[in-house]
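Structure first, commentary second.
A, B, ... follow the sequence lines: proteins, then strands. Residue 1 opens every chain.
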Protein chains: 2
Amino acid sequence: MKDLVSRCPIEEVMQIMSGRWPTLLIYYLKQGTKRFSDLRRDNPTISHKMLTLELRKLEDAGIVERTEFEGYPLRVEYDLTSAGLKLVPLLDALGNWWETVEAGPAHASTSPVKLSQK
Amino acid sequence: MKDLVSRCPIEEVMQIMSGRWPTLLIYYLKQGTKRFSDLRRDNPTISHKMLTLELRKLEDAGIVERTEFEGYPLRVEYDLTSAGLKLVPLLDALGNWWETVEAGPAHASTSPVKLSQK
DNA sequence: TCGTGGTTACAAAAAGGTGCGTAATTTACT
DNA sequence: AGTAAATTACGCACCTTTTTGTAACCACGA
């Protein structure tokens, strides 16, 4: 029973993008149209339950579009929506930022206890 | 036993920023130096255990700086690092993006089943 | 005794994995 | 010809794992 609408848009985004899968799925969908089984192959450690749940969430968020084709061994295609495409560079920016942090100055893991005095 | 180092920086960022608290804490720390109890007041629904865990995580990530002052009723101050400050506009960009998605065209919740045929 | 900023142990809740069932048709085997 | 098996994208139930909450405890000095 989480409040679906929070006061802050950033919280709402994080509610959707949190966890290991959303960014990964977006990464693979960025490569083009994917089917359910393609996405499972792309990321073999996700379970089908998780994949359906995460895809549904991204669909509800308007990031992913689901297209179901009538038929026999039922076919479903997943794509990024235009909104989803616009999200990609923002995630890339986060990744780039993180690389500068990692490389950044004095990631002092030497002193387990930090003490300062003013 | 999660691999702490993934291949992709975006995954690594998400590992840190996932969940409700990191963005919220950054939001409040953006306002300036905060003490532990300030942050609890800012966000009364976080438990003190979660607050310590999340602060520790952000500190380890180099986003937050913890300054401990010797003394009596022990005082600790938390600030965003320069890296943390640089993160803020990126999160804002995500928030802005999300607002355009919400407001965006045809969030069709009318048709529960979508069918297409090519 | 209270307030500060914690830690630890235990309990509850949430997230996630596994395996089975389903549809409707093609292909494979006998 | 008749039967069986495979395919695809799930839903559902059950169970395990992970995360989070709760409460108690710690030190120190006012």
Subject >> N or O in side chain of B/R66 less than 4.0 angstrom from C/dG5 OP1/OP2 >> reply: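 Indeed not, no polar side-chain atom of B/R66 lies that close.
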Original post:
Between B/Y78 and C/dG6, is there a side-chain N or O to OP1/OP2 distance below 4.0 Å?
Top reply: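 For B/Y78, the contact criterion (side-chain N or O under 4.0 Å from OP1 or OP2 of C/dG6) is met.
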Send over the distance from [X] [atom1] to [N] [atom2], rounded to a whole Å.
X     : N      : atom1 : atom2 : answer
A/L51 : C/dA15 : CG    : P     : 18 Å
A/M50 : D/dT18 : CE    : P     : 14 Å
A/E70 : C/dT25 : CD    : P     : 10 Å
B/E68 : C/dT7  : CD    : P     : 10 Å
A/F69 : D/dT8  : CZ    : C1'   : 14 Å
A/L53 : C/dG17 : CG    : C1'   : 12 Å
A/Q15 : C/dA15 : CD    : C1'   : 15 Å
B/K57 : D/dT18 : NZ    : C1'   : 13 Å

Only distances under 3.5 Å count here; give the side-chain donor-acceptor pairs of residues 44-53 of chain A to other protein atoms, sequence neighbours excluded, each with its distance to 0.1 Å.
unit_1, atom_1, unit_2, atom_2, d
A/T45, OG1, A/N43, ND2, 3.0
A/S47, OG, A/M50, N, 3.2
A/T52, OG1, A/H48, O, 3.1
A/T52, OG1, A/K49, O, 2.7

Heavy-atom pair with the smallest gap, counting every atom of [X] and [Y]:
X     : Y      : result
B/L87 : B/I26  : CD2-CD1, 3.7 Å
A/F69 : A/L74  : O-CD1, 3.6 Å
A/W97 : A/T100 : O-OG1, 2.6 Å
B/P22 : B/I16  : CG-O, 3.4 Å

Subject >> Degree of bending, the helix from C/dT1-D/dA30 to C/dT30-D/dA1 (end axes from five pairs; round to 10°) >> reply: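 What I find for the helix from C/dT1-D/dA30 to C/dT30-D/dA1 is an axis angle of 30°.
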**OP:** Return the residues of residues 19-45 of chain B meeting this criterion: a heavy atom under 4.0 Å from some atom of DNA chain C. Order them by number, or give none.
**Re:**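 Result for residues 19-45 of chain B: B/R35, B/F36, B/S37, sorted by number.
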**OP:** Check side chain to side chain contact (heavy atoms under 4.5 Å, CB included) between B/S18 and all other residues, then give those that pass, not counting sequence neighbours.
**Re:** A/S18, B/M14
Original post:
By side chain to side chain contact (heavy atoms under 4.5 Å, CB included), which residues pair with A/D38, not counting sequence neighbours?
Top reply: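 A/D38 satisfies side chain to side chain contact (heavy atoms under 4.5 Å, CB included) with A/K34, A/R35, A/R41 only.
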Original post:
Any ion pair linking A/K57 and A/E59 (charged N to carboxylate O, less than 4.0 Å)?
Top reply: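 Salt bridge between A/E59 and A/K57, a charged N being under 4.0 Å from a carboxylate O: no.
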Original post:
Any ion pair linking B/E54 and B/R56 (charged N to carboxylate O, less than 4.0 Å)?
Top reply: no
**OP:** Starting at the 5' end of nucleotides 24-30 of chain D, put B wherever the base has a protein heavy atom under 4.0 Å, S where only the sugar-phosphate does, and a dash everywhere else.
**Re:** B---B--
Original post:
For the side chain of A/T33 and the backbone of A/D79, is there at least one donor-acceptor N/O pair under 3.5 Å apart?
Top reply: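 No.
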Subject >> Main-chain N/O of A/I63 paired with A/T81 side-chain donor or acceptor, under 3.5 Å >> reply: yes
**OP:** By nearest nucleotide on DNA chain D, pick out whichever of A/K49 and A/L55 is the more 5' one.
**Re:** A/L55
